[in-house]
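Step one of this worksheet: look at the structure below.
Please read all numbers here as calculations on a predicted model, not as lab measurements.
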Amino acid sequence: MAKQERTKAQDKDANTQQSQAAQANQPENETKLPAEQGAGERTHDRPMFLPRVDIYETETGLVVAADLPGVNPDGLEVTLEKRVLSIYGRVDEEAPEGYSLVYREYEVGDFERQFTLSGDFDINGIEANLKDGMLQLAIPRAPEPEAKRIEVRTSS
């Protein structure tokens, strides 16, 4: 058993030497490139929560109901771009005037959720309603293109 422990220690020393050799081969002044704007994941300065969402399909489109407690209309951003529906709600942390927080059982944070929609939807026909922390979106389907007669020309 002592022989096995010595072998593990030797393996650990060999791994350490390999790691140090790999670091020595890297250039000292390796510059980091700045992240592209609008690419990647955005960072947050406060807690971020996934809101609970119900999605219903109707004859005319979709209805999305999202639970966003504490979000005001000014702090709500809903976008539909390239079939990706994004919901972002910012909660303003407000204590009643003259009071200071002594104890908190829940954290205040923002809400963010994204969905990829299948099919074509009418971006201009979307209706959003926020009442008592409940967001309801009505997303109508894009109308089917009408049949069009194509005129055929002849070359003379």
Atom CZ of Arg113 and atom CD1 of Ile87: how far apart are they, to the nearest 0.5 Å?
-> 8.0 Å

Looking only at heavy atoms, what is the nearest atom pair of Phe111 and Pro51, with distance?
-> CD2-CB, 4.0 Å

Is any side-chain heavy atom of Thr79 closer than 4.5 Å to a side-chain heavy atom of Ser86?
-> yes

When rounded to the nearest 0.5 Å, the distance separating CG of Leu62 from CG of Leu137 is 10.0 Å

Could you tell me the separation between the CZ atom of Arg90 and the CG atom of Leu68, rounded to the nearest 0.5 Å?
-> 14.0 Å

Arg52 side chain to Asp67 main-chain N or O, any donor-acceptor pair under 3.5 Å?
-> no

Shortest non-hydrogen contact from Val91 to Arg46?
-> O-NH2, 2.6 Å

For residues 131-140, the salt bridge (charged side-chain N to carboxylate O under 4.0 Å, His left out) pairs (sequence neighbours left out) are none

Sequence neighbours excluded, the answer for salt bridge (Lys or Arg N to Asp or Glu O under 4.0 Å) partners of Glu146 is none

List the steps, then state whether side-chain contact (heavy atoms from CB on, under 4.5 Å) holds for Val78 with Leu135.
-> CA-CA 10 Å; Val78 180; Leu135 172 66; 4.0 Å; yes

Is the side chain of Asp122 donor-acceptor paired with the backbone N or O of Arg141 at a distance under 3.5 Å, no angle test?
-> no

Can you name the closest pair of heavy atoms from Phe49 and Val108 and give their distance?
-> CE1-C, 4.2 Å

Taking a hydrophobic cluster as the set of Ile, Leu, Val, Met, Phe, Trp and Tyr residues connected by side-chain heavy atoms closer than 4.5 Å, whether directly or through intermediates, do Val63 and Leu80 fall within one such cluster?
-> no

Nearest heavy-atom pair of Leu85 and Val64: which atoms, and what distance?
-> CD2-CG2, 4.2 Å

Asp54 side, atom CG; Gln136 side, atom CD - distance, nearest 0.5 Å | 10.0 Å

Is a donor on one side and an acceptor on the other found under 3.5 Å between the side chain of Arg83 and the backbone of Leu117?
-> yes

Nearest heavy-atom contact between Pro73 and Leu130 is N-CD2, 3.7 Å

Transitive ILVMFWY side-chain link Ile139 to Ile55, under 4.5 Å | yes

Is it possible for you to say whether Phe115 and Ile123 belong to one hydrophobic cluster, with membership spreading through side-chain heavy-atom contacts below 4.5 Å?
-> yes

